[in-house]
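Letters A, B, ... are given to chains in the order of the sequence lines, protein chains preceding strands, and every chain is numbered from 1. Keep in mind the model is a prediction, meaning the values are calculated, not measured.
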2 protein chains.
Amino acid sequence: MAAKDNSTEQHIKETAMRVFFKEGRFNATTQEIADAAGVNRTLLHYYFRTREILLDIVLKEGKSAFRTKLAETVDPALSFKEKISRLIDVWMEHILEFPYLDAYLVSQMSNTDFLESMKKEEKENSKKTEAFFEELQVEMNAGRIKKMDPTQFLLNFISMVSYPLVMRPLLEASMFKTKRAYNQALEHRKEAILAALFI
Amino acid sequence: MAAKDNSTEQHIKETAMRVFFKEGRFNATTQEIADAAGVNRTLLHYYFRTREILLDIVLKEGKSAFRTKLAETVDPALSFKEKISRLIDVWMEHILEFPYLDAYLVSQMSNTDFLESMKKEEKENSKKTEAFFEELQVEMNAGRIKKMDPTQFLLNFISMVSYPLVMRPLLEASMFKTKRAYNQALEHRKEAILAALFI
DNA sequence: CCTTTGTTTAACAAAATTGTCAAATATCAT
DNA sequence: ATGATATTTGACAATTTTGTTAAACAAAGG
């Protein structure tokens with residue numbers, strides 16, 4: 001293999017992503033990750049040197065991919081409601097793919113570095129948020145949404161989309177009789193959210 | 001000290017509760033917990049034998065206390081909306097006190113034992129849930145709530161109450177300019193939730 | 001005073017985990 | 001075939017963490 005081939009490196013990252021954020025095994029050891037990837041543990045250190053660096057990279061790339069996806073989703077030509085509708089789709093899809101990502105982020109929030117990088121993101125997104133709020137204001141004036149603080153609308157929106165998926169194992173076990181019942185509820189989730197957000 | 005005095009044992013439990021579920025340090029070592037409690041590490045093992053047992057006890061007692069609190073809150077004489085209103089108060093208060101508890105529960109959900117104990121709780125609560133759904137049905141028929149699947153109403157409710165608090169560090173850092181702005185939003189959270197749930 | 005209970009101290013073994021290294025193999029490109 | 005890169009193997013030191021034990025000390029009650 002003379003030519004640089006990063007497929008194994010990529011494969012390790014994807015495996016780590018799976019173990020951490022799909023399966024929620026936040027304390028997985030380097031050995032477990034290597035096993036899951038079908039690769040020798042030394043190779044992890046060869047490519048990423050430390051477990052922490054690997055986790056950092058995986059997290060950063062995951063977040064970045066999601067941000068890109070979200071941005072691509074919002075077509076300015078669409079109606080506000082249609083925008084929201086598509087956002088719900090993409091957002092739910094993403095959390096379904098990596099259900100433990102948010103829980104991990106929160107659990108790491110006492111870490112100062114994380115907070116810093118988050119605040120940087122906020123600044124980059126603040127323009128989009130303001131634009132969103134303006135559109136929202138128009139909808140409220142048009143009587144298609146109850147008048148309220150835009151912030152509260154945003155919180156309602158994110159909450160209703162994320163929570164049932166992020167806390168899925170908890171809700172499924174503690175409030176529903178069967179997994180099937182929960183899956184059915186999720187299937188109709190989007191309409192329920194839209195109905196709650198719009199008059 | 002001839003007489004049995006369990007104040008230190010209690011103090012250790014409270015400290016563990018604080019470290020784990022108020023501060024979110026899920027990986028705190030027995031040494032760190034002992035330090036936080038101002039007590040020798042050996043004493044932890046003396047009372048609880050293992051770290052795992054201590055965590056189990058703390059978690060079980062915490063959940064049980066919350067369940068009791070919730071049950072006490074619901075006065076059958078109140079109107080449905082008033083019941084919901086009080087539930088929001090108690091619920092938010094509880095999450096404010098132990099913001100990391102839900103995240104921990106979710107992170108442990110791959111653990112089979114947890115799932116089992118959760119399912120047991122579901123069975124105990126299923127009667128209450130059904131009663132809740134019946135009341136909800138009455139409200140819908142009376143036109144005070146949009147007609148929808150009661151399950152979706154419940155998911156909307158829990159989501160809007162919990163998510164902004166459970167994910168607080170995340171939302172605060174990534175979407176708000178200041179902590180103060182977030183606190184202000186939380187102050188008006190209850191009315192916003194009620195407005196979204198009721199017509 | 002003596003006993004019991006609570007608590008600390010120190011030391012220890014065992015296990016788990018991490019990160020590093022050197023050497024051996026494998027695989028591919030030229 | 002040769003060289004270069006990818007990957008495995010085995011071994012190792014260092015560290016962290018856990019759980020146990022024995023001994024000493026403190027305090028309070030009878």
Review point. More 5' along DNA chain C: A:Asn27 or B:Leu43, using each one's nearest nucleotide?
Key: B:Leu43
Review point. Does a side-chain N or O from B:Tyr46 land closer than 4.0 Å to OP1 or OP2 of C:dT8, or not?
Key: no
Check your understanding: Just to confirm, is there a sub-4.0 Å distance from OP1 or OP2 of C:dT20 to any side-chain nitrogen or oxygen of A:His45?
Key -> no
**Study point:** Pair A:Phe98 + A:Tyr104: ring centers closer than 6.0 Å
**Key:** no
Review point. Counting side-chain heavy atoms from CB outward, which of D:dT8, D:dT17, C:dT18 is closest to A:Thr30?
Key: C:dT18
Review point. What is the distance, rounded to the nearest whole Å, between atom CG of A:Leu44 and atom C1' of D:dT7?
Key: 12 Å
Check your understanding: Nearest 0.5 Å, what's the CG-CD distance between B:Leu54 and B:Glu9?
Key -> 9.5 Å
Point to revise | Candidates D:dG19, D:dT8, C:dG19 - which lies nearest the side chain of A:Arg51 | key: C:dG19
Study note, to complete from the structure: Between CD of A:Gln31 and C1' of C:dG19 the distance, given in whole Å, is 13 Å
Review point. Quick one: is the NZ or CZ of B:Lys22 closer than 6.0 Å to the six-membered ring centre of B:Tyr100, and within 45° of its axis?
Key: no
Revision key, fill the gap. Result for 5'-nearest mapping on DNA chain C, choosing between A:Thr42 and A:Ala28, is A:Ala28
Review point. Which of these, B:Arg144, B:Lys81, B:Lys147, B:Lys146, sits in a salt bridge (Lys or Arg N to Asp or Glu O under 4.0 Å) with B:Glu139?
Key: B:Arg144
Review point. Given atom CG of A:Asp35 and atom P of D:dT7, what is their separation to the nearest angstrom?
Key: 17 Å
Check your understanding: Can a donor-acceptor pair under 3.5 Å be found between the side-chain atoms of A:Arg41 and the base atoms of D:dG10?
Key -> no
Revision key, fill the gap. Between B:Thr29 and A:Asn40, the residue closer to the 5' end of DNA chain D by nearest nucleotide is A:Asn40
